2 protein chains.
Amino acid sequence: MHTDVYMSELKDRGYRATGKRRDILEYLLQHNRYISARELIEAMKEKYPTMSLETVYRNLRTMRDEGIIEESRFEDNESKYRIACQTSHHHHYICIACGNTMVIDHCPMPSVGSVPKGFVVLQHRFEVLGYCETCAPKTKAEGMVDEIAKV
Amino acid sequence: MHTDVYMSELKDRGYRATGKRRDILEYLLQHNRYISARELIEAMKEKYPTMSLETVYRNLRTMRDEGIIEESRFEDNESKYRIACQTSHHHHYICIACGNTMVIDHCPMPSVGSVPKGFVVLQHRFEVLGYCETCAPKTKAEGMVDEIAKV
DNA sequence: ATTAGTGCAAAAACTTTGCACGAGC
DNA sequence: GCTCGTGCAAAGTTTTTGCACTAAT
């Protein structure tokens, strides 16, 4: 549904509408959170048993470069991706356990005051990290207090 | 000078005051920016020609876990580190070319409003990314307009 | 038919780990 | 002397790349 809009946008830019690309996109659209390449290939294997991780990476890179998805990194050494929000500009609460995101309807940029002389602003990042309602109890149950302190 | 304070703090916590650890710390203290393990080993090689990258990583991890330095990632796939600011809480303008940082004396947290139900806030990240006064002209000169757009 | 996309294998890049030796306490 | 720190070698992880084949246009 929504996926089609993105796919035709990609087609307009010279990319082809492959099933795998479409399904990666759809998976990202259906899950409102940051997702790793590893999770994606796992999900794709059901439908495409021989699909390779390289294809996932290549498609993620393409879509990131086209501004369709966003890449970020949290506690681990792996990148995670989510659909770039097309709605009005906002930021996210992010669960570092499951990648789940919730909207922060506040942007700090208007309040930062004057930019340093000569500094060219390209981008900004405002993320509030923690555990979501589902993951918070689990971490306590498993005695991950040290983990929490560390992050 | 300042380095000694950190080193004795480390000693208090059971770590040893090795020259290499001290010099990594001093390098970070002298450079007000995000620095990679690669840059650090390069810098250290002058004084310690046989020093290994593993030592750099191990010391960075130790000091990060002790809260002395902060780790972050930007455009590349490598972690960069800087001294954790001990002064009053603030955020940074960060040059994605050289890692240079400048203080943003504004924290968005008081303005975010109510946290989603059950969400446990552990940390927040507010970074304004771009090119500093020194790097901005270079990027233009080299026709890196596409790069700019991409980041 | 042309060219982008894919799987496979391999490599690259970054980071961590096991082990034995050396240095700090 | 005991233990932590270090270098070396090796391995682990994540991500990228070359190449030949397949599939979308």
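This structure is a prediction, so every number in the text was calculated from the model and none was measured. Each chain gets a letter, A, B and so on, in the order its sequence line appears, and its residues count up from 1.
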Which side-chain N or O atoms in residues 49-58 of chain A pair as donor and acceptor under 3.5 Å with protein atoms at least two apart or in another chain?
from: A/Ser52; atom 1: OG; to: A/Thr55; atom 2: N; distance (Å): 3.4
from: A/Ser52; atom 1: OG; to: A/Thr55; atom 2: OG1; distance (Å): 3.2

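Evaluation of the side-chain hydrogen bond (donor to acceptor under 3.5 Å, both in side chains) rule for B/Glu78 yields B/Arg38 as partners, not counting sequence neighbours. Under the ring pair (Phe, Tyr, Trp, His ring centres under 6.0 Å) criterion, A/Tyr48 pairs with no residue at all, not counting sequence neighbours. For B/Tyr15, there are no ring pair (Phe, Tyr, Trp, His ring centres under 6.0 Å) partners at least two apart in sequence or on another chain. Partners of A/His124 by ring pair (Phe, Tyr, Trp, His ring centres under 6.0 Å), not counting sequence neighbours, listed by chain and number: A/His89, A/His91. A/Arg125 pairs by the side-chain hydrogen bond (donor to acceptor under 3.5 Å, both in side chains) definition with B/Glu127, not counting sequence neighbours. For B/Thr18, the side-chain contact (heavy atoms from CB on, under 4.5 Å) partners at least two apart in sequence or on another chain are B/Arg16, B/Lys20, B/Arg21.
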Legend entry - Nucleic acid footprint by protein, nucleotides 19-25 of chain D - heavy-atom cut-off 4.0 Å, B for base, S for sugar-phosphate alone: ----BBS
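Across its full length, the helix from C/dA1-D/dT25 to C/dC25-D/dG1 shows an angle of 40° between the axes of its 5 terminal pairs at either end, rounded to 10 degrees.
Residues of residues 38-55 of chain A having a heavy atom closer than 4.0 Å to DNA chain C, listed by number: A/Thr50, A/Met51, A/Ser52, A/Glu54, A/Thr55.
Scanning DNA chain C 5' to 3' for nucleotides with an atom closer than 4.0 angstrom to a non-hydrogen atom of chain A gives a first and last hit of C/dT3 to C/dT15.
Pairs engaging residues 93-120 of chain B under the ring-ring contact (aromatic ring centres under 6.0 Å, His included) rule: A/Tyr93-B/Phe119, A/Phe119-B/Tyr93 [sequence neighbours left out].
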